[in-house]
Amino acid sequence: MLTEDELNALVTAGCGGDEDAVWQLAEAVAAEPGRVAPHRERLLDARVFSRSEIWRGADGPTTRALVELADSADGNQYLLRECVAEGDPDVAREAFVRWRESGDVGAHTRAAGWELEPSGERRELVARQAFELLAVDAEEAGEALFGHGSGQHCPWCGMELAYALDLPSGSAVARALALPTDDHVQVLACPRCTDFGTILSEYDGAGGCRWSTKNERPEWNGPVLDGWDPYPTRLVLGPARPADGSGTAWHEGGSTLGGRPEWIQDPEYPHCPRCGRTMRFLSMNDGADVWGGEGCLYVFADPECRTGAVLYQQS
């Protein structure tokens, strides 16, 4: 966690054009969005727009100022729209309803964790609350949310499918994530094949989960070699993160249930195989925690259709 002096130094450097400082600031803001609020006027005056996370949770007047800059094309309009998407929900929604008349705006809004419905209403794809997911050895896991075997096997490679997420019903965490509290939410992953394509699954809410018949095998499914192992680590529920805070896909201890995904590549929200809607983000299982390497597993669900998805990104 940055001290106030360190945070102020990053803001000063970022306002002076130091992009490394801007990236460090964005990472700090993602963990604790509220801390940058006192500095936003300086950042706005200095036109610091290269990392939209800095504007996460910006108030109405600040977001309106960003909208005005985007409308005037004073700078990079694409980046400015991404910054607007992170700001005040009502101001951002009104701006994007207007902007979508001249083209698709989904890439901007989904990067900020929401999208516009055809009606113009705002639909959240992420939860504001987030919880740490703590890495433990398989033998010490207890009630793990990630990594344990399902007893089912991958139709493509034969490995045992593991749970990318296993969140029992009646959980206070489910309520915090705006999930049906009477549903047992489960999403499957293949320790091998998830590296090469999105894996879809279906759950019944009562403890039953299966491989989806809608899965499409990728053209290339990895080298035909021995040595693929089950996930060596489990993830268990940890404490709540700060308000609107999220984890990281880059560092040990970054695995997170709820909150916002940090994408290694571009934002990539799967669509529900049943209804076609964009699925909601549920967890980020960081490779540094799960297998001691790079990359990240991203887990999603459509709670209404009881479908899940998991995908993998790496640098």
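Residue indices begin at 1 and follow the sequence shown.
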Query raised in the report: When you check the gap from the basic side-chain N to the acidic O, do Arg98 and Asp71 get nearer than 4.0 Å?
Result: yes

Query - Residue pairs passing the salt bridge (charged side-chain N to carboxylate O under 4.0 Å, His left out) test where at least one lies in residues 300-313, sequence neighbours excluded - result: Asp183-Arg306, Arg277-Asp302, Arg277-Glu304

Report task. Applying side chain to side chain donor-acceptor pair (under 3.5 Å), name anything that partners Arg280, two or more places apart in sequence or on another chain. Result -> none

Query - Residues in ring-ring contact (aromatic ring centres under 6.0 Å, His included) contact with Tyr231, at least two apart in sequence or another chain - result: Phe146

**Report entry** Sequence-distant partners of Phe96, ring-ring contact (aromatic ring centres under 6.0 Å, His included), two or more places apart
**Finding:** Trp99, Trp114

Report task. Please work out which of the three classes, parallel, tilted or perpendicular, describes the rings of Trp263 and Tyr269, given edges at 30° and 60°. Result -> perpendicular

Query raised in the report: Residues in side-chain contact (heavy atoms from CB on, under 4.5 Å) with Ala37, at least two apart?
Result: Arg40

Query - Any residue meeting side-chain contact (heavy atoms from CB on, under 4.5 Å) with Glu53, in chain and number order, not counting sequence neighbours - result: Ala26, Arg51, Arg56

Report summary line: Residues at least two apart in sequence or cross-chain that pass ring-ring contact (aromatic ring centres under 6.0 Å, His included) with His39, listed by chain then number, are none

Report summary line: The complete set of salt bridge (charged side-chain N to carboxylate O under 4.0 Å, His left out) pairs with one or both residues in residues 148-160, sequence neighbours excluded, reads none

Query raised in the report: Any ion pair linking Glu124 and Arg122 (charged N to carboxylate O, less than 4.0 Å)?
Result: yes

Query raised in the report: In chain order, what residues pass the side-chain contact (heavy atoms from CB on, under 4.5 Å) check against Asp18, with sequence neighbours excluded?
Result: Ala13, Asp20, Ala21

Requested in this report: Please identify each residue that fulfils ring-ring contact (aromatic ring centres under 6.0 Å, His included) with Trp250, with sequence neighbours left out.
Outcome: none

Query raised in the report: Can you name the side-chain contact (heavy atoms from CB on, under 4.5 Å) partners of Asp195, sequence neighbours left out?
Result: Trp228, Tyr312

Query - Electrostatic pair Arg274:Glu202 at N-O distance under 4.0 angstrom - result: yes

Report summary line: Across all chains, not counting sequence neighbours, the salt bridge (Lys or Arg N to Asp or Glu O under 4.0 Å) partners of Glu262 are none

Report task. Decide salt bridge (charged side-chain N to carboxylate O under 4.0 Å, His left out) for Arg260 and Glu86; before the verdict, give the C-alpha distance in whole Å, the side-chain angles of both, and the deciding distance to 0.1 Å. Result -> CA-CA 11 Å; Arg260 292 272 299 274; Glu86 296 280 4; 2.8 Å; yes

Query raised in the report: Closest heavy-atom contact between Phe300 and Phe281?
Result: CD2-CA, 3.6 Å

